[in-house]
Amino acid sequence: MKAMLIVNPSSGKEEALDYVNQIEELLIKKGYEVKTAQTEKELDAMKFCQNACREEFEIVVSLGGDGTLNETINGMVDQHHRPKLGVVPLGTVNDFARALNIPLDAEEAIQVLSSDRTKKVDIGRMNEHYFVNIVAIGAIAEASYEVTPEQKTKFGSLAYIMEGLKTLASTPDYPLYIEHDEQVWEGNAFLFLAALTNSTAGFEQLAPQAKVNDGLMHCYIVKKPNVLQLASLTTSMLKGELRHQKGVEYFTARSLNVSSSKDLVTNVDGEEGDLLPAAFSVKPQHIEVIVE
């Protein structure tokens, strides 16, 4: 049996390499021949995972943040052979691990790799790319690109929200045209979210009804709030009550097409994505993840 460990050495305050020997020893004890691959540049994790699929490895372990995990999964989607996925989260937010109840403590997450339990999870597709947590379009999505690594280290996921809310006074809402499962929504929105899991941007109850394997995107159209509504909006995101908030429209979809007359960029699992227009779909229960 073969296992590949994909390591982003800069993750976890550059502590990722400290865990490599521990993971290798655990997998070797379980009977695996282990190959360790370190990323050096963008798309390395995706290429390493594609090689593991071609060579029919039984397990691929992602040791890094959400970006490393996203690349690893992009390398696995639609392959003839898809290994089981192990996750040791070392990122700022770690939404995917949260959604699957994988411990955020690296030492504890490593022990999960010895489990024989797995869970099949959905993967989202946007144009030619894949995502595992969320796509955001609008003010907070665009503002997230202004967040510095120092802010992420200090404030974690709140850094994205803080930066987004700072732009509220100066940011307009945007015209959006959304087709979903043969229905249409057209109007101006401050923010559009399409979530695959309950944990998005570090808010573990943003979409509490979302399941990792329900085959659905849970979508929120957020109209621009005034100053008085802003505190209520933030509170509703924390409490899992966003869909009941005034000025928010909620729906589920298996497929989406989103366009705008403005040049709007998408934010995909916390990283910059394509400009609109974009087509979205779900690949139900497409990959198998090792869980406790």
Side-chain angles (χ1 to χ4, degrees), residues 1-40 42-53 57-77 82-121 123 130-133 149 152-153 156-157 196-197 199-202 204 212 269-271 287-292:
M1 298 191 300
K2 295 184 292 184
M4 178 178 286
L5 173 56
I6 298 175
V7 185
N8 180 349
S10 64
S11 290
K13 300 178 183 177
E14 302 189 353
E15 294 175 351
L17 294 177
D18 298 342
Y19 300 111
V20 169
N21 287 343
Q22 188 177 345
I23 295 170
E24 288 177 339
E25 288 176 9
L26 183 148
L27 292 173
I28 288 168
K29 282 182 180 177
K30 284 201 56 109
Y32 290 96
E33 174 188 334
V34 183
K35 178 178 181 180
T36 296
Q38 288 188 39
T39 63
E40 296 178 356
E42 192 175 359
L43 301 184
D44 276 354
M46 184 179 77
K47 292 171 184 174
F48 293 148
C49 187
Q50 288 171 339
N51 289 338
C53 293
F57 277 61
E58 279 76 19
I59 289 176
V60 168
V61 177
S62 171
L63 176 61
D66 286 338
T68 305
L69 178 63
N70 183 285
E71 278 196 22
T72 300
I73 288 172
N74 267 266
M76 191 178 293
V77 173
R82 294 190 291 278
K84 295 174 184 175
L85 175 66
V87 179
V88 180
L90 295 178
T92 305
V93 181
N94 304 309
D95 277 321
F96 190 70
R98 290 173 190 268
L100 286 161
N101 294 317
I102 293 170
L104 302 186
D105 177 81
E107 299 277 352
E108 294 178 23
I110 289 168
Q111 295 309 309
V112 174
L113 300 177
S114 63
S115 169
D116 293 322
R117 291 189 63 235
T118 61
K119 191 165 194 173
K120 291 185 177 180
V121 304
I123 299 298
Y130 299 93
F131 63 98
V132 294
N133 290 306
K152 284 200 289 185
T153 299
S157 59
L196 280 180
T197 70
S199 180
T200 53
E204 294 192 44
V212 295
D269 285 348
E271 304 291 331
I287 61 172
E288 201 169 352
V289 183
I290 300 168
V291 296
E292 287 187 293

(message) Looking at every non-hydrogen atom in both residues, tell me the closest pair between T39 and P9 and how far apart they are.
(response) O-CD, 3.4 Å
(request) Give the C-alpha distance, both sets of side-chain angles, the deciding distance and a yes or no for side chain to side chain donor-acceptor pair (under 3.5 Å) between D66 and N70. (result) CA-CA 6 Å; D66 286 338; N70 183 285; over 6 Å; no
(message) Taking salt bridge (Lys or Arg N to Asp or Glu O under 4.0 Å) as the definition, give me every residue that meets it alongside K30, ordered by chain and number, with sequence neighbours left out.
(response) D116
(request) Taking D269 for its side chain and N133 for its backbone only, find out whether a donor-acceptor pair lies under 3.5 Å. (result) yes
(message) Let me confirm one number: the OG1-CE distance from T68 to M46, rounded to the nearest 0.5 Å.
(response) 13.0 Å
(request) State which residues pass side-chain contact (heavy atoms from CB on, under 4.5 Å) with E40; sequence neighbours excluded, sorted by chain then number. (result) D44
(request) Return the set of residues passing side-chain hydrogen bond (donor to acceptor under 3.5 Å, both in side chains) with S115 (not counting sequence neighbours), or none when no residue passes. (result) none
(message) Restricting to non-hydrogen atoms, name the atom on G64 and the atom on N8 that form the minimum distance, rounded to 0.1 Å.
(response) CA-CB, 4.4 Å
(request) Report the C-alpha distance between V291 and T118 in whole Å, list the side-chain angles of each, state the deciding distance to 0.1 Å, and finish with yes or no for side chain to side chain contact (heavy atoms under 4.5 Å, CB included). (result) CA-CA 5 Å; V291 296; T118 61; 5.6 Å; no
Anything under 3.5 Å between a donor and an acceptor, one on a side chain of residues 105-113, the other on a protein residue two or more places apart or in another chain? List them.
residue : atom : partner : partner atom : Å
D105    : OD2  : E107    : N            : 3.2
D105    : OD2  : E108    : N            : 3.0
E107    : OE1  : Q22     : NE2          : 2.9

(message) I'd like to check the side-chain contact (heavy atoms from CB on, under 4.5 Å) partners of K35; sequence neighbours left out, ordered by chain and number.
(response) M4, F57
(request) Work out which heavy atom in C49 is nearest to a heavy atom in T72; give both atom names and the distance. (result) SG-O, 3.1 Å
(message) Tell me every residue that passes side-chain contact (heavy atoms from CB on, under 4.5 Å) with I28, counting only those two or more places apart in sequence or in another chain.
(response) V34
(request) Taking all heavy atoms of L196 and all of F131, pick out the closest pair and write down the distance. (result) CD1-O, 3.5 Å
